[in-house]
Amino acid sequence: HLTSKFMSLAAQYNPEEIEDKWYQYWLDRNYFHSEPDPQKEPYTIVIPPPNVTGVLHMGHMLNNTLQDVLIRKARMEGKEACWVPGTDHASIATEAKVVAMLKEKGINKRDIGREAFLKYAWEWREKYGGIILEQLKKLGASCDWARTRFTMEPHMSESVTKVFVDLYNKGHIYRGYRMINWDPQGRTGIADDEVNHKEVNSKLYFVNYAVEGEDSFVTIATTRPETILGDTAVCVHPGDERYHHLKGKRVIVPLVNRTVPVIEDEYVSMEFGTGCLKVTPAHDVNDYELGKKHDLEIIEVIADDGTMSEAAQFFVGEDRFVVRKKMAQQLEALGQLVKTEDYKNSVGFSERTDAVIEPKLSVQWFVRMKELVQPALAHVMDDTIQLHPSKFKNMYRSWMENVRDWNISRQLWWGQRIPAYYLPDDTFVVAETPEEALRLAQEKSGNSSLTAADLRQDEDVLDTWFSSGLWPITVFDGIRHPGNPDINYYYPTNDLVTAPEILFFWVARMIMYGYEYRQEKPFSNVYLTGIVRDKQGRKMSKSLGNSPNPLELIRKYGADGVRTGMLFSSPAGNDLLFDIKLCEQGRNFANKIWNALRLVKSWQVDKTVDGETNQAAIGWFAARFNQAMIELEDHFSKFRISDALLTVYKLLWDDFCSWYLEMVKPAYGKGIDAMTYEATLKFFEKAMKVLHPFMPFITEEIWHLLRERQEDDCLIVAAWPTADTSTDRMEADATVLSSGVTVFDAITQLRNIRNSRQISQKQALKLWIKTGTPQKYHQFGSIIRKMANIEAVDFTEEKVEGAVSFIVNAAQGQPDEFFVPLGDTIDVEEEIQKLEKELAYQQGFRQSVDKKLSNTRFVENAPEAVIAMERKKKADAEAKIAAIQEQLAALRKK
RNA sequence: GGGUUCUUAGCUCAGUUGGUUUAGAGCACCUGCCUUACAAGCAGGGGGUCGUAGGUUCGAAUCCUACAGGACCCACCA
């Protein structure tokens, strides 16, 4: 009979075909697409564009679920919701992948040249570049796919070039000779954040340098003897008395026999090594600074590929690490190596090639940041742009206040090529197009016969962040066409969801560009997610193999299950310790709702049934729902998405399923009255609305199963329920809910009596209530009967002898006493023990309140309301104590 | 080394300007249930002296100081 009753709905929810069906339906009906509509308020999110080489990992899952929740809610609120998707060309990451791919084919990047390499790179991008976006669809991401962008598509590149030229013309971009992190294997400069520092076992070499014109030595300590060949000074601390005699003297660099000055600088630590430092300005950041300060000569002894250069004079063309050993041998042979010590130090490695980074002087392009960054600092500090959680404000500020010039050139091929063109005389012009460059070059040189062939474009490409920082503007083509309808309508965007580790690289730069090119913030809120870790707290990584395959998870638990699983425990800024059990919980939740649907759909409306007794339940749930809405909106307004989900979860599971449905559920074989049925459908629909942003698929499915609907009546675009926050409503809700609490407390205690005495669920009990206000049970009496399986509720003015009794907390007035006659089944000793425990608690509580109230300073200083509250607490406790004592006395008589 | 931040139940976290809290939630746990929506379930229950030590206050998880431990950011390690 079950099958007929519960139609064709399976007892267990199966997400697989349902999810694909609805995603396609939404796509077909174009619900994700947005066009500017002046009648509607825009709500915009731009996706943090994943690397074009990327495949979906757990971090993306969390990040994009959050964005989808926000965008779906906005869409239902009637806003013109636009979520712009896309991918980032990610120059160094992609280039590394393509290089690796070619290497497998036995092809070397340098052998085939720039053009051929880029052809491979584009092919690679065509083939794999869309994968990650396809994967997002499985998650339910409601992106406006028609607006999908790629940071290197023509108009985006054009915009980037335009910005470069503009910043250059405004004097914000310059070429500079700077020390950078050089990757000798990839033969490129890399950013500080692409350098991994690792502790390594190395050696500290103590080397004697002869003092010029004297028969004495000074000993220095170094971990890199190969750089001795490039030394141009020796430095001591000005306060170091051991070396005062060296003041103004010169020393002789071993092997090369160059005489170099002894300089003094407080930078040198007297404690380290011998307190005497050799200075190689060309191959160490600090030495370079010293060199600048003391006007030292710079000798580059290590070439781009990590071998010794001509300037080194010795070991030319040999690798720096080979030379390190050979130098030590040579010095030893010369008798200038005093000793070596084992030593641990941290060495920088290239994130991509794992080669040891060589600090190297190089001509690079830089953006002057100090001035550009000012509005970006100010408007985060004054909350024009809010960071969630706000603790990141401090981090942001310290970075922005100490911002250094930004090296934007990379010695790579895959990326936005720098639009600088060199003339034959090595001067250069900066221009948006080669034609413009030629014109400028002719003008500059005064040589009108100059041709395009005479110009040589800069070989370098721009740092990826230079272009991705423009993302919120360029996706709407706001650089080339600053007045176009899209940018005017959608910009500034609303919320940005991203990871804290790119707060500076990306977020700060978007803000900077936003004020520079739109005179306006790029977004109002930045929600910073945490890192997804495994349950032991380890970062998920390929090498550890501790990262689940997201698509596999979706297949197994449903996108809805995985989405909620991820959101259950991930407050903003906190790492998510991912456990598969979270997905199970999400899946179970979906199943719970599914079964609520099966229950409601099984009901038959019977016009002869009177729904009067359900009025209380309906009124109670309506009040409960409204309060949950208020809570929900509060959570959303503060970006507490996990809490928002939990509010909906509890509303549905506890309030709707465990209480409401059980209260109105007709007895087996009975019909339900039309009023209750309709009210229940309405509640269910409303609940599906607030759940939809979190679980889009199952809610849409249920939406269509609850009632017959028009084709365009989809939940994804249904109106978001509003919370009624009027004073009248709040007061009314409070009254309804507090009487509800009383009744639920009574039911729980009755169930407890049953449970603790092993009385079967099926055995109906009798109940007597001693109360001064029996009318308050008129509404809820039948509910108590139903929920606790009570056969009859009667009122009494006297105690009922031989019954188990308990006190029900009264919302107002005296507490009521409930009696359940159980005959022989009462264990008097046990009852006494229970009551004594309760008594002790109440007495302790009263005592703590008493202590406050008898403290004259409390009574004098505390606000009226607080004192009144304490007095009420005391009165309530005393009433309960009295009642318990009476019960105890009665029991002890036995 | 400099800075920021955190430490509340077994786990993950709430706890808004100090006072409706001898502290709440979800999960986990324990007990009993195949009760006619759901065992991916139902009902009930136990569990924390709020990192430690002081201080301010009538009153501290909440404010201050020190200490211990963790996290993150920045810089550096000749």
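A, B, ... follow the sequence lines: proteins, then strands. Residue 1 opens every chain. Note: hydrogens, waters and symmetry copies are ignored here, and every other heavy atom, side chains too, is used.
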Kindly say if [X] contacts the phosphate of [N], meaning a side-chain N or O under 4.0 Å from OP1 or OP2.
X	N	result
A/R751	B/rG44	yes
A/N861	B/rG19	no
A/N394	B/rU5	yes
A/S658	B/rA43	yes
A/N588	B/rG41	yes
A/R640	B/rU16	no
A/K665	B/rA37	yes
A/K592	B/rC42	yes
A/W399	B/rC72	no
A/S760	B/rC33	no

Rounded distance (Å) that lies between atom [atom2] of [N] and atom [atom1] of [X]:
X	N	atom1	atom2	answer
A/N595	B/rU36	CG	P	13 Å
A/E662	B/rA37	CD	P	8 Å
A/K837	B/rG47	NZ	P	6 Å
A/Q758	B/rG32	CD	P	7 Å
A/D850	B/rC58	CG	C1'	15 Å
A/K873	B/rG59	NZ	P	16 Å
A/D654	B/rG41	CG	P	12 Å
A/R397	B/rC74	CZ	C1'	15 Å

Applying the Watson-Crick and G-U criteria (both distances under 3.5 angstrom) with [ ] for crossing and | for other-strand pairs, one obtains for RNA chain B (((((((..((((.....[....)))).(((((.......))))).....(((((..]....))))))))))))....
Could you tell me whether [X] contacts a base, only the sugar-phosphate backbone, or nothing, with contacts defined as non-hydrogen atoms closer than 4.0 Å?
X	result
A/L576	nothing
A/Y649	sugar-phosphate
A/G273	nothing
A/N591	base
A/T222	sugar-phosphate
A/D579	nothing
A/C235	nothing
A/F568	nothing
A/N789	nothing
A/L277	base
A/P863	base
A/V268	base
A/Q12	base
A/S269	base

5'-most by nearest nucleotide on RNA chain B - A/L577 or A/I531:
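The 5'-side residue here is A/L577.
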Starting at the 5' end of RNA chain B and moving along, which residue's nearest nucleotide shows up first, A/W659 or A/Y343?
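Counting from the 5' end, the first nearest nucleotide belongs to A/W659.
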Could you tell me how far B/rC33 sits from B/rU7 if I compare only their P atoms? Round to whole Å.
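Comparing P positions in B/rU7 and B/rC33 gives a spacing of 42 Å.
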Taking atom P in both B/rG10 and B/rG19, compute the distance separating them and give it to the nearest angstrom.
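To the nearest whole Å, 25 Å.
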CD1 of A/I357 to CZ of A/F349: how many Å apart, nearest 0.5 Å?
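Atom-to-atom, A/I357:CD1 and A/F349:CZ are 9.5 Å apart.
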Passing option when A/D876 is tested against A/K874, A/K872, A/K873, A/K880 for side-chain hydrogen bond (donor to acceptor under 3.5 Å, both in side chains):
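Answer to the side-chain hydrogen bond (donor to acceptor under 3.5 Å, both in side chains) test with A/D876 among A/K874, A/K872, A/K873, A/K880: A/K872.
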Among [options], which nucleotide sits nearest the side chain of [X]?
X	options	value
A/N574	B/rC77, B/rA14, B/rA25	B/rA14
A/N755	B/rG44, B/rG19, B/rG32	B/rG44
A/V285	B/rA37, B/rG19, B/rC76	B/rC76
A/N286	B/rC58, B/rG41, B/rC76	B/rC76

Taking side chain as C-beta onward, heavy atoms only, is [X] less than 4.5 Å from [Y]?
X	Y	answer
A/I641	A/L66	yes
A/T340	A/L204	no
A/M566	A/L576	yes
A/W594	A/L705	yes

According to side chain to side chain contact (heavy atoms under 4.5 Å, CB included), who are the partners of [X], at least two apart in sequence or on a separate chain?
X	result
A/A764	A/N789, A/E791
A/Q386	A/D383, A/H388, A/N525
A/Q627	A/R624, A/I630, A/M730, A/D733, A/L737
A/E501	A/A499, A/I531

Parallel, tilted or perpendicular: which fits the ring planes of A/F568 and A/Y649, with parallel below 30° and perpendicular above 60°?
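Rings of A/F568 and A/Y649: perpendicular, as their planes differ by over 60°.
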Pairing donors with acceptors under 3.5 angstrom, does anything connect the side chains of A/E838 and A/Q842?
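Short answer, yes.
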With A/F684 as reference, evaluate A/F656, A/Y677, A/Y660 under the ring pair (Phe, Tyr, Trp, His ring centres under 6.0 Å) test and give the passing residue.
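Among A/F656, A/Y677, A/Y660, the one meeting ring pair (Phe, Tyr, Trp, His ring centres under 6.0 Å) with A/F684 is A/F656.
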Strand-adjacent residues in residues 223-231 of chain A, judged by heavy atoms under 4.0 Å from RNA chain B:
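Result for residues 223-231 of chain A: A/T223, sorted by number.
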